[in-house]
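Report on the following structure.
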Amino acid sequence: MTGRRFAFCGAELAAVYVVADQDRELHLAELTGNRGVLYGLPAVLAVAGHSPAANAFRSGRPLWLTPKELAAFIEEDPHHVPARNRAGDPQSPARISLGALPLGHGDQELGCLVVAGEVGDGFSADDRSLLELYADQVAAGLETVAARLAGRTSPQAHLGQSLVPHQGGAFILELSTGRMEAHAHVLELLGLPPEEFDGQVETLLACAVPDDMPALMAIVEPDRLASAGQQLAFRIRRPNGELRWLGLRCRVEVAPDGTPQRVLGVVADATYLRPSADEVSLVQRLSATLAGAATIREVSRLVVAALREPLGASRVAVGELEAERLIVTALDPPEPDAWPEVWRSEWRSEWPDVPLGDLPTLRSAMRGGHMGLWPPGADLEPGLQGVGPGGLAVLPLPAEGRMAGVCLVGWDAQHRFGPEERSLLTVTAGLAGQALVRAHALDAGHELATMLQRSLLPRKLPELPGGVAVARYLPATAGLEVGGDWYDVIPLSDGHVAFVIGDVQGHSAGAATIMGQMRTAVRAYAVEGHPPDVVVARANLLLVGMETDLFATCAYVDLDMEEGIARVVRAGHLPPVLRRPDGTAEEMAVEGGPPLGVLADAEFPMTEVGLAPGTLLVLLTDGLVESARLPLEEGMRRVCEVLAAADPQAAGGVADDLVFGVGRRDDDVAVLLLRYDGTRGRPKRSHWAVWRLPTAVMHARRFAARTLRSWGVDEELDAALLVVSELVTNAIAHTQGEVGMDLTLSADRLRIAVNDASPRSPVKPVSVSWESTGGRGLLIVQATTMAWGSVPLSGGKQVWAEIPLHRALDRPAQPRPLL
């Protein structure tokens, strides 16, 4: 107990009682101020007894006694209520007023604050409100002390600092005029001479540390204050450079119509909020470990470890800023479904990225360079709402005058941001920013290679009719070089999709460059319409002709999404793995050829496999299933076990399960997974070999008419026959050899294709005059169809056209006479 000078809003004495003995007693923990105001304050009060402190503690409401009411208490129970000083107290008992204010609320009842002073008419309404806010300050300090002394017996015996903030004062802000009346102690805490205070709130706010300014501004805005008051601890920089912690408690008074009128506040010294020895030790350890971090990912993991467990956070994300995109280097927890949709949609590898334009809160924090704290229920953009529903901290990571990145810390449960947390977050942000810059300097070559590799992989996979494709890519963690794994999903014509995965030999920027060239070449050959074996053979010739000693492996799957027929070619790569609808998983039996770039005249056999709806098709690289500690056969067996136990409806979850247990990697890991669902109905197909006769076009029209009527195509029949006439006429007139016509009816379109032996593609004329004898056929086809084109085939080409169906084919065809 101490006897310092104490004066606050008419109170000259303050006593703190803390609950003890299993909530049966109140023990006097501190007494400060003019002890002559009251005589004989009991050291122990029974909670069930009759005293101002006990009554206030039990009711949970402040108890205010005027001098007359206090005298009645003394006469009723002189043993539990202090009396005036009988040894010639110069103060008249008729002028002593008393207040008993409970500390804590709800499930956390801490004790009671007793204040007394020579106030003949009792404490005024303003003084009572300010003293209640002061009691909240005392409770906040008591909570902090109790948390640090958790587990000790008799906490009041170990208190190393005062529970009563002896340096403190009050202020009243009139909202109608904007004028502030500040107690002399408030100005003293801020280091402002009374003659320099102009009565403006901005003058006081200017003393705050910039990092704490956003939170301070938020709590003093009238529309954000609650009548019950809010607590904030913040830092100020005094004129002499001293950094000091202050505690602020505010309450807004409203008019009967609900309009805010005044803001009452209490500011007190909060030196007990300075970092403890444990917190300083934590920062020192973090600084030492970050000094030895050599990569961006290592820095990010250390930051996550330093923040998530000590702060009890639910999520921590660390990202570096690259142009106008945030390259996320650490997500904890790592599962994509733990993060909002914008993060999941961009999740493609260990380097997901998010455009800052989609996250204006992050962009604003990065530009301002100040930490942002968002309470539960804050109005944030969808990309951040799920990160911290109970509270979110946004930490820009500064370094060398710029922002190197940002860190997000989120809580699921409602979270109150303590001053120790803000101090730890601020220090961690500075250390992490400097560590990111150092890692860039130490790892510039690796970062350049990884940037190249990221740019060569597809940013997003296309949406597919009749299936869902997902991919995962993880770089090697052993060493600083990068590899040449790649994957791609290529939509083709006629309802086909190509799925490609490959691996270039070696781990270097050169391997990544070859990877990009091979991916581009395979995509180009596939889009041209070549069959899978031709695509792979041409990619092999391209690599053989390059000035490189590297070779590559590749697996190529051309899947008819309507029929479910997959044509597979393998060039030195692992076979695909299938999980069938009945839950069985096995390697696909596929013939293989040599790796690309080894033999110029190599042959690549093609295998055809049928897929039923509900099948999972998995393409992978050897980094997932083979390492110095894992034989290939064992790795493939584990993949089959994971697929057999997986839920095929969650394609992304299955891919995550496949790469989850990889751990430290000697090689890159790439996984491309397709869940084949099938289309609503299988297309109808028919083929006609066109005879080279003078009546060839007539026979082709008759075949098409019979076929389309049997399929129920009526409204589009005339347009289809016109297209058949033009395409067959061109093939007969301008080519030699066999001519064939294919008709394909899908759910929403009719496709007409004519194959011939000429590799020359048709060219649409620029203009056709009245005197021209030809050239109008392709113009007619273009005007009649939804799309048309030409693709090369082995030894020839195919000219195709598609006509949209404007009605459902759900009624039987009506008979019509043949043409």
Side-chain angles (χ1 to χ4, degrees), residues 1-3 6 11-87 89 93 96-117 119 122-123 128 131-132 134-147 149-159 161-164:
M1 302 183 187
T2 62
F6 175 82
E12 304 171 48
L13 177 141
V16 178
Y17 284 89
V18 297
V19 66
D21 194 16
Q22 299 181 348
D23 298 343
R24 290 195 295 263
E25 294 178 343
L26 295 173
H27 290 190
L28 182 61
E30 183 168 348
L31 176 64
T32 185
N34 183 7
R35 299 190 182 190
V37 174
L38 292 177
Y39 173 77
L41 278 174
V44 177
L45 292 172
V47 170
H50 183 62
S51 64
N55 290 356
F57 179 79
R58 290 197 306 271
S59 66
R61 297 188 299 272
L63 176 63
W64 300 101
L65 299 176
T66 63
K68 183 178 180 180
E69 293 168 335
L70 178 60
F73 249 109
I74 294 174
E75 293 178 0
E76 183 178 353
D77 193 349
H79 298 290
H80 295 90
V81 182
R84 67 181 180 89
N85 191 337
R86 298 184 180 88
D89 181 9
I96 303 300
S97 296
L98 182 140
L101 301 96
L103 302 176
H105 55 83
D107 297 333
Q108 193 169 17
E109 296 176 339
L110 304 173
C112 188
L113 172 68
V114 176
V115 294
V119 185
F123 292 104
R128 291 184 181 186
L131 284 167
E132 289 174 9
Y134 190 85
D136 291 338
Q137 290 279 25
V138 175
L142 193 58
E143 288 177 3
T144 302
V145 173
L149 301 176
R152 299 183 185 178
T153 59
S154 184
Q156 64 272 18
H158 298 277
L159 297 175
Q161 63 277 327
S162 172
L163 295 176
V164 180

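Residue indices begin at 1 and follow the sequence shown. Since we're looking at a predicted model, the values are computed, not measured.
Rounding to the nearest 0.5 angstrom, the gap separating the CG atom in Leu65 from the CG atom in Asn55 is 9.0 Å. Atoms OG1 and CG, on Thr66 and Leu98 in that order, are 10.5 Å from each other to the nearest 0.5 Å.
For the side-chain contact (heavy atoms from CB on, under 4.5 Å) criterion with Leu26, the lone passing option out of Val16, Leu45, Val114 is Leu45.
Taking all atoms of both residues into account, the shortest heavy-atom contact from Gly49 to Ala54 is O-CB, 3.6 Å. The two atoms that bring Glu109 and Val19 nearest to each other are O-CG1, 3.5 Å, heavy atoms only. Annotation for Ala100 and Pro52: closest pair CB-O, 3.4 Å, computed over non-hydrogen atoms. Of all heavy-atom pairs between Leu41 and Ala15, the closest is CD1-CB, 4.0 Å.
Between the Arg58 side chain and the Val47 main chain, a donor and an acceptor come within less than 3.5 Å of each other. The closest donor-acceptor contact from the side chain of Ser97 to the backbone of Gly117 lies at 3.5 Å or more, if one exists at all.
Here Arg61 pairs with Ser59 under the side-chain contact (heavy atoms from CB on, under 4.5 Å) rule; sequence neighbours left out. Scanning for side-chain contact (heavy atoms from CB on, under 4.5 Å) contacts around Glu132 gives Pro62, Trp64, Leu101, Arg251, with sequence neighbours left out. Residues passing the side-chain contact (heavy atoms from CB on, under 4.5 Å) test with Ala11, sequence neighbours excluded: Phe6, Val115, Phe123, Leu131.
Annotation: side chain of Ile96 is not in contact with side chain of Pro67 (no heavy-atom distance under 4.5 Å). Taking the side chain as every heavy atom from C-beta outward, Pro42 and Leu28 never approach each other to under 4.5 Å.
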message: Is there a side chain to side chain contact (heavy atoms under 4.5 Å, CB included) between Tyr17 and Leu110? Walk through the geometry before answering.
response: CA-CA 8 Å; Tyr17 284 89; Leu110 304 173; over 6 Å; no
query: So Leu13 and Thr32, side chain to side chain contact (heavy atoms under 4.5 Å, CB included) or not? Walk me through it.
result: CA-CA 6 Å; Leu13 177 141; Thr32 185; over 6 Å; no
